Chemist: 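Structure below; questions to follow.
Lettering of chains follows the sequences in order, A, B, ..., and the numbering in each one begins at 1. In this text, all values refer to a predicted model and were calculated from it rather than measured experimentally.
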Amino acid sequence: MAGLHKSEFANPVINWVDSRLPIFTMMQKEYGVFPTPKNFNYFWNFGALAMVCLMVMILTGIFLAMNYQPNTELAFASVQHIMRDVNYGWLIRYVHQNGASMFFIVTYIHIFRGIYYGSYKAPRELLWMLGVIILLLMMATAFMGYVLPWGQMSYWGATVITNLFSAFPVVGKYIVTLLWGGFSVDQPTLNRFFALHYLLPFVLVGVIFLHIAALHIVGSNNPLGIDVKSPQDTVPFHPFYTIKDSVGICVFLMIWAAFVCFAPNYLGDPNNFIPANPLQTPADIVPEWYFLPYYAILRCVPNKLLGVCMMFASLLVLLALPWLDTSKVRSARFRPIFRKLVFVWVLSFIVLGVCGAHKPEGIWVILSRLAALYYFGHLLVILPILGKIERPLPLPESISNPVVVRSVAIVALIASLFAVQSLQPAHAEGMAEAPLPAQKWSFDGVFGTVDSASAQRGFQVYKEVCSTCHSMKFLHYRDLAGIGLSEEQIKGIAASVEVPLGLNDAGEPKVGPGTPASQFRSPYPNDVAARAAMNGALPPDLSLIVNAREGGADYLYALMVGFGDAPKDMKMQDGMNFNMYFPGHQIAMPQPLHDGQVTFADGSPSNIAQEAKDVATFLYWAANPEQTERKQIGVRVILYLGFMACVTYALKRKVWAAVH
Amino acid sequence: MADTTASTADSHGGHHGHPADPSKRDLLELMAGAGAAIFGAGIAWSVVSSMNPAKDVLALSSVEVDLAPIQEGQGIVVSWQGKPIFVRHRTKEEIKAAQDVKPSELNDPATDASRVKAGHEKWLVLTGICTHLGCIPLGNKPADLRGEWGGYFCPCHGSQYDTSGRIRKGPAPTNLPVPPYAFESDSKIKIG
């Protein structure tokens, strides 16, 4: 039957649209008056938080894609272009980079909530299965996104993960070749990963729409796990849960902003600040923290095919969870044994994560096998049996008893952050040869900024000493304004070097004095020339060296002052020099800094400690030129969000006053 | 779903009745809504400004042009900020024609003197982009079609410019702009 929808909106414009396309009626029904159990705790925030993550990721991703180049020659440099030159590029990228971790934290807690309160049981099986598919899509998207910066971890992560498929007999190697579009991870791989990384989030939007549509058919579960019996058990979604979600969103954004502004690379890997090198694998290949448990399962099985199958099975088994759990009682609150074992299961997942961050040797192999055994045993053996033998506590008659608001969610969130933190030291394993003496730096802490005078002296050290061998390709002379040099000084510095100026009228390479827009002049025209002049050892580019080394500025300082005579029992190779802090202690670079080597105009002592300190400060700035602005923005945003959290919380109490 | 911009009418309509102190609640709603709007505007500002020229684009250096090889009556095109810059060595007749026009007769009045550097009247430097819709006019080379006034002729929609680059006929609203430049010596200019 043709005809207009009977709209109840008073506003004539809304009414006109709604009569023809009832989207307003739909929104009102699904998000306005939608009857929602009134006893949600803060665990029920995490679906909304995940939605916020997805929207922020799509928004920042679109603007990153406007500046990113999916080309093996340009990808790494284009990311540096975003970080250094694009307006607010560093902010957009760090939000996106840390957003992946935030998305997974929130989603894991969302999944835990579903498991703890039995949200996967009838009639919500399909809702749960759609959720598992969302998790799988998220993982594929995150993996491909991690490849795009084309650093060492990107490249080798892509190589290892795509090689998983080679485990399958007969077809395996054809699948891998198909994924790569060649015979190794290369240009075709990067290009298609970029296309898919852009596509999959929109597929996610579609599956999430189905996830929410299914939710709105069967209705939300609740902490008691019992069905809604009467209208007294529910409140309209708006304003009761819109405001409660808003409180959670403010707190969550504060945590996100803290990572972005004060520890943007805390969850990352220093190796990804080194451009991809298909001829050299980093010493430790570690996936991002959210993949570690599956990675541990893969490695604890001593058979390639079986390991891969177990890894995929650890995720796919979740699809069967509604049928593996035979108990009719949903919420763990009324299942005394399940309530304890579910935490053992979470523990096994976290233990797997910790094992995944360590080299698969000794105790870590045993631990990961035990944890994997429990992970599967819990799902495949314990749950089916437990449902038959466990005697549940008596269930309440209805939801309409005092609503208890719990702060468990916040505690859980913080706890999981600490769990993540405990994974981190693993990266350092086998890297630091001697403990690094920690220095005091001007840029330490929340309010620390780079000391301009020190950075300027450091630039002098770089120019007079380091630049004879080391390039800094990602810096331009104009960037030196960031350490307080004036325009005239910068012009003078740039004009004093000869830089390539393209071709002359005869088509031959032309050189001439640099301008502020010129890149820092490289000592060698290319890496091959550098290797040839340096006896085969390529002096690394110093633009990002502080971020690319475990220990950062402390490591650099220690390296500069750590030269000395080799112990008698150590056999040094020809042309190598002993350094206490260099991995393996044998470094091709001879001691670069000496007492009295650089004379500072400001009268600072010309000793090796001062020179090392200044050059490390300069290199810290070079790798993180945005850090002062980043911290300033961070303080403001967090204070603002803290205020907003208070406002929304006060409003939430007002809104809920009648219900409590 | 997240939505902090709660509308007052809806949020009071819950079937659990009104809270004790509606005015305080209104204030909190206003603060929450405004706060969310300001935060959203901040995010929008940073992502949209990321589309503006980046530092490397803004830092693009100036271009030096050697005028010595350009014969009288000839012109060359150089690229500056990705735009074509016409550099034309005008003949005496062209200079005279340009100077003899009364500015009041023009659509976009300007004297020839205001469009060249004093003492260097034979050099005309223009941004070679038609002010109508951005095509590149013909006329820099003597063999080109130059229009009734012997200057420039835009092939897209027929705008005609004189030997000072001023609009004389056609849909273009203004004269061809003169880019910022200076004479480094008698035979060398620096654009930008």
Chemist: Verify the ring-centre separation between B:Tyr181 and B:His120: is it less than 6.0 angstrom?
Modeler: no
Chemist: Side chain, backbone, both or neither: which part of A:Val637 has a heavy atom under 4.5 Å from chain B?
Modeler: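 Side chain only.
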Chemist: Can you say whether A:Asp479 sits under 4.5 Å from chain B via the side chain, the backbone, both, or neither, judging by heavy atoms?
Modeler: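 Neither part; nothing is under 4.5 Å.
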Chemist: Could you tell me if the ring centre of A:Phe40 sits under 6.0 Å from that of A:Phe240?
Modeler: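 Not close enough - the centres of the two rings lie 6.0 Å or further apart.
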Chemist: Cation-pi check, A:Lys244 to A:Trp656: give yes when NZ or CZ is under 6.0 Å from the six-membered ring centre and within 45° of the ring axis, no otherwise.
Modeler: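 Yes.
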Chemist: Does this structure show an ion pair linking B:Arg168 with B:Asp162, if we count only N-O contacts that are shorter than 4.0 Å?
Modeler: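 Looking at B:Asp162 together with B:Arg168, the answer is yes, because their closest N to O distance falls below 4.0 Å.
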Chemist: B:Ser49 and A:Asn87: side-chain donor and acceptor closer than 3.5 Å?
Modeler: no
Chemist: Does any heavy atom of chain B fall under 4.5 Å from the side chain of A:Ile82, the backbone, both, or neither of them?
Modeler: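 Nothing of A:Ile82, per the 4.5 Å heavy-atom cut-off to chain B.
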Chemist: For each of A:Thr60, A:Leu59, A:Ile62, A:Leu641, tally heavy-atom pairs with chain B at distances under 4.5 Å, and name the one with the top tally.
Modeler: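 So the answer, after comparing A:Thr60, A:Leu59, A:Ile62, A:Leu641, is A:Leu641.
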Chemist: Tell me, side chain or backbone of B:Leu27 under 4.5 Å from chain A's heavy atoms, or both, or neither?
Modeler: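 No part of B:Leu27 comes within 4.5 Å of chain A.
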